[in-house]
Amino acid sequence: MNDVVSLPSRNPRTGQTDYQMPVFSTDEVAAVARRLRAAQPIWRAQSVDRRLELLSQFAQAIATESEPLTEALTKDTGRRFESVLEVQGVQNTIRRWLNDAPGLLMGDAPRRAATPNVIIEQHKRPYALAGIISPWNFPLILSLIDAIPALAVGCAVLIKPSEATPRFVPVLQRAIDRVPGLADVLAFVTGAGPTGEAVIRNSDVVCFTGSVRTGRRVGQLAAEVFVPVHLELGGKDPAIVCADADIAHAARALTWGSMVNAGQTCMSIERCYVDRKIYQPFVAALSAEVDALRHSYPDITCGQIGPIIAEVQIPVVKRHLEDAYAKGARAVTGGKVLELGGGSWCEPTVLVDVNHDMAILNEETFAAILPVMPFDDEDEAVRLANSTDFGLSACIFSRDIDRAKGIAARLEAGAISINDAALTSMVHDAAKQSFKYSGLGGSRMGTPSLQRFYRQQAFLINDGSASPWWFASAVAPMAGS
Ligand code: NAD
């Protein structure tokens, strides 16, 4: 039983508690789930076109609420630029599904089975209730990225966002309420781990985005409840910069790929391996790019680097830096976590003289820090890039695309950007699955995304001429006949 009624939320810019988040008890989550389940058959019975029309209205309602929504997300996360991107990005996600879903959800024409006298009809049966549990680094996008395809398929959706960033929820609720009937099949419940566990216990399919540690627990619980689970977990994405790379271009792309959202993205580049032949000029170009970045403090509309969003992450970042320095690492730019106005801000940092004994090369840091290490040949680059428990994504820079593709084929990661970094943050129409501890289950991206939310059901229709059983017994008489 979970009897906490509210939890305080810390503002990442001030370090102060300035919001109380309602906590849904396990009974309250069960009641919301029952309400959604009761409405789902009506939602499912509507045509795909009608469901998509309502999702189109949802995109419009989000546009109408875009200013207060951006404001709330900015309070949640302490950064403004990425909050604007999130509000635009979620509307783009909805529009992409409006475009793609009709063709993908169209019923298949009946066909003849290979077995005589049988016609096959394939049907897509949505799960009644999809449970979604999301993290704090992109609170809006990551709470809706799986909800939109699930709703398009015909599921009802129950979302538990991160307890670190709950302020956007009441504003988004206003957008949901503007769309007729949408609130009947789409609901948010706020709270921490126990509320998340209640979501799993009441769902028919679970999509979880978060850390490996919690992902394991979620996977175990889903197995106990006996529902499928799709896990999108952490990363320690490597970059490989070959000797023939365009150094200036690679330095710019990797600055973006490692520093956007102050490094707090799952597909952030957290390790950079550079051919020794260009190591010095590359480090100089990268440091110059990173050195030009500024904290968006005190003016939130200036600069590029926001605060560390989640309080729990602050000691992790500090520990990784201290451990790296104790083992010989050196910052060529940045290098510290600063306390500004009550918040904690990681300086945009490039580290050299690093090695794989350091936590910063092995564990997810989730901060604006890029450690850079030289390699001597392609085999060593691949070995270093693969020497991790994670396998989310990676990137390779080389003017020789065939060479880059050859390296990509040897990397153990779900998406490889070539001559760019972290492209999965923008390119959502390429299917990919995680390797190693970075996740489990179907692809969130690309058209297979929809398949996570329905089961294939087959109608096998005897066409009335004769049963295949009679045909089979005619060619192979049963024993004793
Ligand atoms: P987290 O695992 O701490 O929490 C994620 C969510 O799980 C939160 O909503 C939390 O309340 C909930 N939760 C906690 N305990 C639970 C339990 N026992 N049962 C059910 N739910 C529970 O992760 P976080 O710190 O919020 O997010 C950061 C992590 O998310 C990083 O590791 C990052 O790489 C990862 N991430 C992955 C992706 C991806 O697509 N692969 C995207 C964004 C973030």
Side-chain angles (χ1 to χ4, degrees), residues 2 4 7 9 12 21 23-24 26 29 76-77 82 86 131-146 158-166 169 188-203 206-225 227 229-237 260-270 308-317 363-367 388-393 413-415 422 424-425 428 432-445 449:
N2 170 25
V4 183
L7 275 176
S9 293
M21 173 191 69
V23 172
F24 282 67
T26 49
V29 172
D76 271 333
T77 56
E82 289 87 347
E86 276 202 82
I132 290 170
I133 300 172
S134 55
W136 48 261
N137 58 324
F138 285 95
L140 177 68
I141 283 276
L142 292 173
S143 63
L144 290 182
I145 192 165
D146 296 320
L158 178 58
I159 304 172
K160 196 213 77 71
S162 169
E163 62 274 35
T165 50
V169 174
F188 276 77
V189 288
T190 46
T195 308
E197 297 207 358
V199 167
I200 298 164
R201 290 196 184 281
N202 286 280
S203 297
V206 173
C207 295
F208 171 83
T209 310
S211 63
V212 175
R213 194 167 59 88
T214 313
R216 274 183 188 281
R217 168 73 192 133
V218 168
Q220 284 162 354
L221 193 51
E224 204 180 292
V225 181
V227 293
V229 62
H230 303 278
L231 303 174
E232 300 277 353
L233 309 178
K236 189 76 192 169
D237 287 359
V260 70
N261 204 32
Q264 298 161 115
T265 72
C266 53
M267 73 285 276
S268 197
I269 304 300
E270 295 213 358
I308 299 175
I309 298 170
E311 192 170 17
V312 290
Q313 204 62 29
I314 300 167
V316 175
V317 179
E363 299 169 24
E364 191 176 38
T365 310
F366 232 52
T388 170
D389 288 340
F390 297 98
L392 195 61
S393 37
T424 41
S425 58
H428 287 189
K432 61 157 194 106
Q433 282 167 293
S434 298
F435 287 42
K436 301 181 185 171
Y437 291 143
S438 284
L440 209 59
S443 176
R444 156 180 287 172
M445 308 293 196
S449 171

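Both ligands and their constituent atoms are indexed starting at 1 by order of listing. Small disclaimer: the values here were computed from a predicted structure and weren't measured.
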How close does the nearest protein non-hydrogen atom get to [atom], and which residue and atom is it?
{"atom": "atom 27 (O) of ligand 1", "answer": "Pro135 CB, 3.1 Å"}
{"atom": "atom 36 (N) of ligand 1", "answer": "Cys266 CB, 3.6 Å"}
{"atom": "atom 25 (O) of ligand 1", "answer": "Trp136 NE1, 2.8 Å"}
{"atom": "atom 10 (C) of ligand 1", "answer": "Glu163 OE1, 3.4 Å"}
{"atom": "atom 37 (C) of ligand 1", "answer": "Leu233 O, 3.1 Å"}
{"atom": "atom 18 (N) of ligand 1", "answer": "Glu197 OE2, 2.9 Å"}

Whether over 12 other heavy atoms sit under 6.0 Å from Tyr437 OH: no

So which bit of [X] gets within less than 4.0 Å of ligand 1, heavy atoms only: side chain, backbone, both or neither?
{"X": "Val199", "answer": "neither"}
{"X": "Glu364", "answer": "side chain"}
{"X": "Met267", "answer": "neither"}
{"X": "Leu392", "answer": "side chain"}
{"X": "Asn137", "answer": "side chain"}
{"X": "Phe138", "answer": "neither"}

[X] versus [Y], closest heavy-atom pair with distance:
{"X": "Glu232", "Y": "Arg444", "result": "OE2-CB, 3.1 Å"}
{"X": "Gln433", "Y": "Phe435", "result": "O-CD1, 3.6 Å"}
{"X": "Ser134", "Y": "Ile159", "result": "OG-CG2, 4.5 Å"}
{"X": "Phe390", "Y": "Ser438", "result": "CB-OG, 3.5 Å"}
{"X": "Gly196", "Y": "Ile133", "result": "O-CD1, 3.6 Å"}

Thr77/Glu82 under side-chain contact (heavy atoms from CB on, under 4.5 Å): CA gap, chis, key distance, verdict: CA-CA 9 Å; Thr77 56; Glu82 289 87 347; over 6 Å; no

Residue-ligand contact Gly439/ligand 1, heavy atom below 4.0 Å: no

Heavy-atom gap Pro161 to ligand 1 smaller than 4.0 Å: yes

Using atom types as modelled and distance alone, determine if a side-chain donor or acceptor of [X] lies under 3.5 Å from a backbone N or O of [Y].
{"X": "Thr190", "Y": "Val23", "answer": "no"}
{"X": "His230", "Y": "Cys207", "answer": "no"}
{"X": "Ser162", "Y": "Ala164", "answer": "yes"}
{"X": "Thr195", "Y": "Phe24", "answer": "yes"}

Counting each atom of ligand 1 from 1 as listed, which ones have a heavy atom of [X] under 4.0 Å away?
{"X": "Ile133", "answer": "6 (C), 7 (O), 9 (O), 12 (C), 20 (C), 21 (N)"}
{"X": "Arg217", "answer": "18 (N)"}
{"X": "Phe208", "answer": "2 (O), 5 (C), 6 (C), 7 (O)"}
{"X": "Arg444", "answer": "40 (O)"}
{"X": "Ser162", "answer": "9 (O)"}

Verdict with reasoning, Thr365 to Lys236, per side-chain contact (heavy atoms from CB on, under 4.5 Å): CA-CA 8 Å; Thr365 310; Lys236 189 76 192 169; 3.1 Å; yes

Report the member of [options] with the shortest heavy-atom distance to [atom].
{"atom": "atom 5 (C) of ligand 1", "options": "Leu142, Val312, Thr209, Ile141", "result": "Thr209"}
{"atom": "atom 6 (C) of ligand 1", "options": "Ser134, Gly210, Gly196", "result": "Ser134"}
{"atom": "atom 13 (N) of ligand 1", "options": "Ile309, Leu221, Thr214", "result": "Thr214"}
{"atom": "atom 2 (O) of ligand 1", "options": "Ser211, Gly191, Ser143", "result": "Ser211"}

side-chain contact (heavy atoms from CB on, under 4.5 Å) against Leu440, all qualifying residues, sequence neighbours excluded: Leu231

Trace of the side-chain contact (heavy atoms from CB on, under 4.5 Å) decision for Lys160 with Val189: CA-CA 5 Å; Lys160 196 213 77 71; Val189 288; 4.2 Å; yes

